[in-house]
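In what follows, chains are A, B, ... by sequence order, proteins preceding strands, each numbered from 1.
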2 protein chains.
Amino acid sequence: MISERIRTANVLVVEDDWPIRHLLKVSLSAHAYEVSEAETCKEAFTSLAKQVPDLLLLDLGLPDGSGIELLRRLRQEHAIPVIILSVQGAETTKIEALDLGADDYLTKPFSVDELLARVRAALRRSKSLHAPTLLTCGDLELDLERRHVTLAGHEISLTPNEFSLLMAFMRNQDRVLTHRQLLKEVWGEGYVDDSHVLRVNVCNLRRKLNSPDGKRNYIKTEPGVGYRLCLPRPA
Amino acid sequence: MISERIRTANVLVVEDDWPIRHLLKVSLSAHAYEVSEAETCKEAFTSLAKQVPDLLLLDLGLPDGSGIELLRRLRQEHAIPVIILSVQGAETTKIEALDLGADDYLTKPFSVDELLARVRAALRRSKSLHAPTLLTCGDLELDLERRHVTLAGHEISLTPNEFSLLMAFMRNQDRVLTHRQLLKEVWGEGYVDDSHVLRVNVCNLRRKLNSPDGKRNYIKTEPGVGYRLCLPRPA
DNA sequence: TTTTCGCATCAAGGATCCTTGAAGCGGGGT
DNA sequence: ACCCCGCTTCAAGGATCCTTGATGCGAAAA
């Protein structure tokens, strides 16, 4: 927290037009950003090779080569936020840049307030990295964010209920889960006694999980109690 | 990593039957666990008040009061793993204990190998705490795990596609997302050009997000480009 | 003013999924 | 040997959701 306030962010401005470049430098410097400058694509490349900034302000209308190419090559290595500067009417290029991973854009002429707001927002976002919510159990992998499940490499498709059910299992590997617990987790408080619907879904889930060779039995039933997702130790 | 191997786990054994209690103590001590013992519910309470162990081995058939009550009161404060010891036939009590949050159970007579395996599994699980995957934007809250969305406190129900769409927005707050980016994220590579389906879903999403008072407009349209989820600074 | 284009909204056919009933199966108890 | 009970599996009606077409709307261009 403290270090964020002391260490000023480093911004690289890539812009060939002097008045605009100067405006950017002055505005940003006045707010305690460290600013480097580049007038051409080439200069930008050498600057990036020397030091990677915390944020890139990129004009798309550079004299030598398009900013698009610079963005593409930057994105192959770094994930720093990039804000595009574009002129009115250059919609196509702007969208192309955004699709390539640019974070935001400013259309000339822009207000300094808006510039600073976008810079702040971009820097704030770049600090929040996503937790790689990925659960694994043997050759089973469950991606919380993408809602994808892969078994021994290739993807298998689950219905929403099946996914929730498997999620409950994978967050409690090798642990007994009672019928009530599973029903409460997946279907909610009101379904706690409907064990039939649970059995049907466990059945369907098993069919999909055992499809490749039918060897391993992931879900073990605990008679009279519930189910358990076995760990991959082939005892 | 290292500390986990040096510091031995502390296990509290609550069991009135001497032979079993002794077997547990010997077996666990031999594998470098620190073992405390209690013969009655009362003893267990005082022991827990003094020091909370890393794991609790709990016999359900205690002479004074049921182990169930002990478990219930323990769960109001601590989340340590609990393994139940039960006799054959006491299914009802066993299930009740599991529903209350017990992690596992052993049915007497049990093998020492199985005991150790369950203890290891329970301790391993207790170390993996779930990341509270919760995204917020103003009075909008999105819970990745439960797939719930709340707006100013009360829950709103979204369809799967709407949820994915909102998730994409909330992971990129205040950032322009092009049509292509959103379509790729929610529908997949094949739908990148189908902007109509995106518009319909944005429309439906807006309706649900603005329902309470219709004041704030969360999703802003960027004409010709895409959409943007606004931050809650009411500029 | 009229036209045009992108966006918003409504509505319905069709696909997917969920629930529930019914039947099959196997082990334990009488 | 028979029955009972819980678990598994199959199948279909019904609910939900997704896609797509049609229409309305507003702003910019002609």
* Asked: Taking only residues two or more places apart in sequence or in another chain, which ones pass ring pair (Phe, Tyr, Trp, His ring centres under 6.0 Å) with F169(B)?
  -> none

Is there a side-chain polar atom (N or O) of [X] under 4.0 Å from OP1 or OP2 of [N]?
X       : N       : result
R207(B) : dT9(C)  : no
T159(A) : dT16(C) : no
T221(B) : dA8(C)  : yes
Y227(A) : dT8(D)  : yes
N161(A) : dT19(C) : yes

* To do: Might you point out which heavy atoms bring L58(A) and G67(A) nearest each other, and give the distance in Å?
  => CD2-O, 3.7 Å

* To do: Indicate the atoms forming the closest heavy-atom contact of A168(A) with L177(A), along with that distance.
  => O-CD1, 3.7 Å

Whole-Å distance between [N] [atom2] and [X] [atom1]?
X       : N       : atom1 : atom2 : result
N201(A) : dA11(D) : CG    : P     : 17 Å
N204(A) : dC10(D) : CG    : C1'   : 10 Å
L158(B) : dT16(D) : CG    : C1'   : 14 Å
R206(A) : dT9(D)  : CZ    : C1'   : 11 Å
K208(A) : dT8(D)  : NZ    : C1'   : 17 Å
E222(B) : dG6(C)  : CD    : P     : 17 Å
L165(A) : dC18(C) : CG    : P     : 11 Å
E162(B) : dC17(D) : CD    : C1'   : 9 Å

* To do: Taking atom types as modelled, find out whether R206(A) and T221(A) have a side-chain donor-acceptor pair closer than 3.5 angstrom.
  => no

* Asked: Is there a side-chain contact between R75(B) and V82(B) (heavy atoms, below 4.5 Å)?
  -> yes

* Are Y191(A) and L198(A) close enough that some pair of their side-chain heavy atoms sits under 4.5 Å apart? -> no

* Which salt bridge (Lys or Arg N to Asp or Glu O under 4.0 Å) pairs, counting each pair once, include a residue from residues 181-196 of chain B, with sequence neighbours left out? -> R180(B)-D193(B), K184(B)-E189(B)

Enumerate all atom pairs, one protein N or O and one N or O from nucleotides 20-27 of chain D, separated by less than 3.5 Å.
{"from": "dT20(D)", "atom 1": "OP2", "to": "D194(B)", "atom 2": "OD2", "distance (Å)": "3.1"}
{"from": "dG21(D)", "atom 1": "N7", "to": "H196(B)", "atom 2": "NE2", "distance (Å)": "3.3"}
{"from": "dG21(D)", "atom 1": "O6", "to": "H196(B)", "atom 2": "NE2", "distance (Å)": "3.1"}

* Nucleotide nearest W187(A) when distance is taken to its side chain, options dT8(D), dT19(C), dT9(C) -> dT19(C)

